[in-house]
Undergrad: 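Input: one structure, supplied below.
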Amino acid sequence: MDFLSVNRTLMIATYLFLGFFIANHTITGATKPIGVCNGRIADNLPSEQDVVSFYTSNGIGKMRIYDPNQATLQALRGTNIELILGVPNGDLQSLTTPSTANYWVQNNIVAFSPAVNFRYIAVGNEVEPSDPASQYVLPAMQNIYNALASANLGGEIKVSTSVSASLLAQSYPPSAGSFGATSSTYITPIVSFLATTGAPLLVNVYPYFAYIGDPQNIRLDFALFTAQGTVFQDGALAYQNLFDAIVDAFYSALEAAGGANVEIVVSETGWPSTGEAAATVDNASTYYKNLINHVNDGTPKKPGKAMETYLFAMFDEDQKGPAETERHFGLFSPDKQPKYNNISFS
């Protein structure tokens with residue numbers, strides 16, 4: 001074999017190795033798994049087409065919406081923005097009828113696929129076990145799943161529900177995280193469904209609310225990712241921020257409920273800029289920047305495993321409430337002016 005042949009062979013082998021390596025390893029500086037929630041409880045927001053264009057111009061490749069808004073779905077065509085599509089809590093009961101679920105999937109997913117990149121269907125948001133709607137969540141999930149499978153989309157789009165930290169009966173230490181007797185009858189069958197179908201649990205994680213609920217025992221720097229060194233030790237695991245502690249408490253609760261293989265997607269997290277104690281522009285800016293820089297690191301329980309995370313929310317929403325803070329979670333003002341400097345989403 002001549003020199004040129006050897007050289008070509010080596011080059012081909014090198015390219016094959018690099019291709020395998022890139023496909024199977026996380027590269028330092030890789031794109032962060034960050035999305036932004038697109039809430040629309042306001043009367044002064046840009047048009048749906050302008051909002052989608054604004055996501056694209058800011059390098060935001062993931063979006064969550066809370067209902068199948070047709071104008072938003074139309075605007076998302078061809079953008080490749082990954083989407084969490086929500087089923088409003090008020091629609092859950094109707095979707096316990098298989099034919100209604102099939103109609104919903106046909107009109108809101110099949111009609112836009114594959115031009116819209118659906119990633120997850122969030123069947124209900126923060127439904128509590130005591131809510132009358134709780135009895136409908138799992139049947140609706142099953143019917144949506146079956147309708148997607150009938151449309152040959154079952155392997156591509158995962159069906160889940162979005163929950164809040166109130167489901168945890170115990171969250172400290174994270175290794176003792178559990179759903180408790182009150183929540184277990186509701187969430188355990190859902191966990192079993194997620195484990196069987198390979199879908200993640202969508203979790204809304206808010207260190208802000210945990211902090212203002214117990215400022216005597218939760219340090220602000222622990223909530224803002226600014227604590228220097230370990231704040232507490234949980235066996236062999238050291239915790240330096242509250243976000244990780246909440247996520248790992250959920251992982252422990254999932255394990256106890258038979259869902260050791262169920263992953264977590266953080267479907268909401270944010271910090272308000274005004275309205276109550278600790279709700280300041282400086283604190284919100286600190287939280288968002290540190291969170292974005294942290295998500296690729298994983299948690300103490302899942303080190304090095306990037307956490308898919310959706311920031312709440314894109315814009316301030318002036319019709320939310322009743323708390324004043326609810327109107328000030330936006331990363332941008334409705335006129336698309338940034339509230340915080342130097343935040344990069346990728």
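Numbers for residues simply follow the sequence, beginning at 1. Keep in mind that the numbers below use all heavy atoms, side chains included, and drop hydrogens, waters and symmetry copies.
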Undergrad: Does any part of the side chain of Ser134, heavy atoms only, come nearer than 4.5 Å to the side chain of Glu128, both counted from C-beta?
TA: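 No. Closest side-chain heavy atoms not under 4.5 Å.
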Undergrad: Take Lys62 and Glu308 through the test salt bridge (Lys or Arg N to Asp or Glu O under 4.0 Å) and record every step on the way to the result.
TA: CA-CA 9 Å; Lys62 301 175 188 291; Glu308 187 174 351; 3.8 Å; yes
Undergrad: Hey, which of Asn108, Ile109, Ile121 is the one that makes side-chain contact (heavy atoms from CB on, under 4.5 Å) with Pro68?
TA: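 Answer to the side-chain contact (heavy atoms from CB on, under 4.5 Å) test with Pro68 among Asn108, Ile109, Ile121: Asn108.
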Undergrad: Name the residue from Leu76, Thr72, Asn38 that meets the side-chain contact (heavy atoms from CB on, under 4.5 Å) definition with Leu83.
TA: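 Among Leu76, Thr72, Asn38, the one meeting side-chain contact (heavy atoms from CB on, under 4.5 Å) with Leu83 is Leu76.
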Undergrad: Quick one: does any side-chain atom of Asn293 pair with a main-chain N or O of Lys289 as donor and acceptor, under 3.5 Å?
TA: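 Yes, the answer is positive, given that a donor and an acceptor are paired below the 3.5 Å cut-off.
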Undergrad: Do Phe232 and Tyr172 make the cut of ring centroids closer than 6.0 angstrom?
TA: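 Close enough - the centres of the two rings lie under 6.0 Å apart.
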Undergrad: Can you hop from Val159 to Val266 via hydrophobic side chains spaced under 4.5 Å?
TA: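 Val159 clusters together with Val266.
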Undergrad: When you measure from the side chain of Asn241 to the backbone of Asp244, do you find a donor-acceptor pair of N or O atoms at a distance under 3.5 Å?
TA: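 Present.
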Undergrad: Please check: side-chain N/O of Lys158 versus main-chain N/O of Arg119, any donor-acceptor pairing under 3.5 Å?
TA: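 No: the side chain of Lys158 does not pair with the backbone of Arg119.
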Undergrad: Within the side chain of Ser160, is there an N or O that forms a donor-acceptor pair under 3.5 Å with the backbone of Pro200?
TA: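 Yes; judged by distance alone, with no hydrogens or angles, the pair exists.
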Undergrad: Nearest 0.5 Å please: distance from the CG atom of Leu254 over to the CD1 atom of Ile264.
TA: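 Taking CG in Leu254 and CD1 in Ile264, the distance rounds to 5.0 Å.
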Undergrad: Between Leu311 and Leu291, is a side chain to side chain contact (heavy atoms under 4.5 Å, CB included) present by the stated rule, with each step listed?
TA: CA-CA 9 Å; Leu311 309 181; Leu291 171 69; 3.5 Å; yes
Undergrad: For the side chain of Gln93 and the backbone of Asp91, is there at least one donor-acceptor N/O pair under 3.5 Å apart?
TA: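 Side chain of Gln93 to backbone of Asp91, a donor-acceptor pair under 3.5 Å: no, none is there.
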Undergrad: Give the C-alpha distance, both sets of side-chain angles, the deciding distance and a yes or no for side chain to side chain contact (heavy atoms under 4.5 Å, CB included) between Leu201 and Val191.
TA: CA-CA 8 Å; Leu201 180 64; Val191 171; 5.6 Å; no
Undergrad: Dump the intermediate steps for salt bridge (Lys or Arg N to Asp or Glu O under 4.0 Å) on Asp297 and Lys305, then the final yes or no.
TA: CA-CA 6 Å; Asp297 298 338; Lys305 184 174 182 59; over 6 Å; no
Undergrad: Would a distance-only check, ignoring hydrogens and angles, find a side-chain to backbone donor-acceptor pair under 3.5 Å from Ser192 to Thr188?
TA: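 A pair under 3.5 Å: no.
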Undergrad: Hydrophobic clusters here meaning ILVMFWY residues chained together by side-chain heavy-atom distances under 4.5 Å, can you tell me if Val265 and Val205 are in one?
TA: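 No; Val205 is not reachable from Val265 via cluster members.
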Undergrad: Any idea which heavy atoms bring Asn58 and Phe332 closest together, and the distance?
TA: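 Looking at all heavy atoms of both residues, the shortest contact is OD1-CZ, 3.9 Å.
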Undergrad: Would you call Ile218 and Leu242 a side-chain contact if the rule is heavy atoms closer than 4.5 Å?
TA: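 When only atoms from C-beta onward are counted, Leu242 and Ile218 do touch, with a gap below 4.5 Å.
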Undergrad: Using 30° and 60° as the class limits, which term best fits the ring planes of Phe329 and Phe209: parallel, tilted or perpendicular?
TA: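 Answer is tilted, since the angle falls between 30° and 60°.
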Undergrad: Under 4.5 Å between any side-chain heavy atoms of Gln74 and Gln49, yes or no?
TA: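 Counting from C-beta outward, Gln74 and Gln49 never come under 4.5 Å.
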Undergrad: For Ser166 and Ser164, test the side chains for any donor-to-acceptor distance below 3.5 angstrom and give the result as yes or no.
TA: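 Yes, side-chain donor-acceptor contact under 3.5 Å.
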Undergrad: Given side chain to side chain contact (heavy atoms under 4.5 Å, CB included), test Met63 with Tyr310 step by step and report yes or no.
TA: CA-CA 8 Å; Met63 177 190 291; Tyr310 291 75; 5.9 Å; no
Undergrad: Within the 4.5 Å heavy-atom criterion, are Thr197 and Tyr145 side-chain neighbours or not?
TA: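 Yes, side chains in contact.
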Undergrad: Kindly indicate whether the side chain of Arg64, heavy atoms from C-beta on, has any atom under 4.5 Å from the side chain of Tyr66.
TA: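 Yes, side chains in contact.
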Undergrad: For Tyr55 and Phe345, I'd like to know if the aromatic rings sit close, meaning centre-to-centre distance below 6.0 Å.
TA: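 Between Phe345 and Tyr55, which both carry aromatic rings, the centre distance is not below 6.0 Å.
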Undergrad: Are Ile84 and Phe250 connected into the same hydrophobic cluster when the rule is that any two of I, L, V, M, F, W, Y join if their side-chain heavy atoms are below 4.5 Å apart?
TA: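 Per the 4.5 Å side-chain linkage, Phe250 and Ile84 are not co-clustered.
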Undergrad: Assigning hydrophobic clusters by single linkage (Ile, Leu, Val, Met, Phe, Trp, Tyr; side-chain heavy-atom cutoff under 4.5 Å), is Leu167 placed with Ile190?
TA: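 Yes, same cluster.
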Undergrad: Show every ring pair (Phe, Tyr, Trp, His ring centres under 6.0 Å) that has at least one partner inside residues 251-300, sequence neighbours left out.
TA: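 Sorted pair list: Tyr208-Trp271, Phe225-Tyr287, Phe225-His294, Trp271-Tyr287, Tyr288-Tyr340.
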Undergrad: How many angstroms lie between atom CD of Gln228 and atom OG1 of Thr226, to the nearest 0.5 angstrom?
TA: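 OG1 of Thr226 is found 7.5 Å from CD of Gln228.
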Undergrad: Tell me if a side-chain donor or acceptor on Glu255 pairs with a main-chain N or O of Ala260 at a distance below 3.5 Å.
TA: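 Such a contact is absent between Glu255 side chain and Ala260 backbone.
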Undergrad: So which heavy atom on Phe222 is nearest to which on Val231, and how close?
TA: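 What the structure gives for the nearest pair is CD1-CG2, 3.5 Å.
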Undergrad: Using modelled atom types and a 3.5 Å cut-off, is there a donor and acceptor pairing between side-chain atoms of Asn146 and backbone atoms of Gln142?
TA: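 Such a contact is found between Asn146 side chain and Gln142 backbone.
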Undergrad: If every non-hydrogen atom of Ser344 is compared with every non-hydrogen atom of Ile292, which pair is closest and at what distance?
TA: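 Of all heavy-atom pairs spanning Ser344 and Ile292, the closest is O-CG2, 3.3 Å.
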Undergrad: Restricting to non-hydrogen atoms, name the atom on Ala306 and the atom on Asn296 that form the minimum distance, rounded to 0.1 Å.
TA: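 Looking at all heavy atoms of both residues, the closest pair is CB-OD1, 3.4 Å.
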Undergrad: For residues 77-105, which residue pairs qualify under ring pair (Phe, Tyr, Trp, His ring centres under 6.0 Å), counting only residues two or more places apart or in two chains?
TA: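 For residues 77-105: none.
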Undergrad: Hey, which of Thr309, Val203, Leu202, Asn125 is the one that makes side-chain contact (heavy atoms from CB on, under 4.5 Å) with Glu268?
TA: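 When side-chain contact (heavy atoms from CB on, under 4.5 Å) is applied between Glu268 and each of Thr309, Val203, Leu202, Asn125, only Asn125 qualifies.
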Undergrad: What pair of heavy atoms forms the shortest contact from Val87 to Val123, and how long is it?
TA: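 Between these two residues, the closest heavy atoms are CB-CA, 3.9 Å.
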Undergrad: To the nearest 0.5 Å, what is the distance between CG on Asp318 and CZ on Arg327?
TA: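 Rounded to the nearest 0.5 Å, the CG-CZ separation comes out at 8.5 Å.
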Undergrad: Side-chain contact, heavy-atom cut-off 4.5 Å: Met141 with Leu194?
TA: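 Side-chain contact under 4.5 Å: yes.
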Undergrad: Check whether any side-chain heavy atom of Thr269 sits under 4.5 Å from a side-chain heavy atom of Phe312, and report yes or no.
TA: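 The answer is no; the side chains never approach within 4.5 Å.
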Undergrad: Counting N and O atoms only, with roles assigned by atom type, does the side chain of Asn283 sit under 3.5 Å from a partner on the main chain of Ala278, one being a donor and the other an acceptor?
TA: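 Such a contact is found between Asn283 side chain and Ala278 backbone.
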Undergrad: List the steps, then state whether side chain to side chain contact (heavy atoms under 4.5 Å, CB included) holds for Phe179 with Thr185.
TA: CA-CA 9 Å; Phe179 293 119; Thr185 54; over 6 Å; no
Undergrad: Any sub-3.5 Å donor-acceptor pair from Ser333's side-chain atoms to Lys336's backbone N or O?
TA: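 Absent.
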Undergrad: Does a side chain donor of either Ser175 or Asp234 reach within less than 3.5 Å of an acceptor in the other side chain?
TA: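 Per modelled atom types, Ser175 and Asp234 side chains form a pair under 3.5 Å.
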Undergrad: What's the separation between atom CD in Gln319 and atom CG in Leu45, rounded to the nearest 0.5 Å?
TA: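 Those atoms lie 8.5 Å apart.
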Undergrad: Work out which heavy atom in Ser162 is nearest to a heavy atom in Asn204; give both atom names and the distance.
TA: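 For Ser162 versus Asn204, the nearest heavy atoms are OG-OD1, 3.0 Å.
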Undergrad: Check the side chains of Glu324 and Thr274 for a donor-acceptor pair under 3.5 angstrom, ignoring hydrogens and angles.
TA: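 Checked: Thr274/Glu324 side chains show no N/O donor-acceptor pair below 3.5 Å.
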Undergrad: Less than 4.5 Å apart, side chain to side chain, heavy atoms only: is that true for Glu48 and Val51?
TA: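 SC-SC contact between Glu48 and Val51 ruled out.
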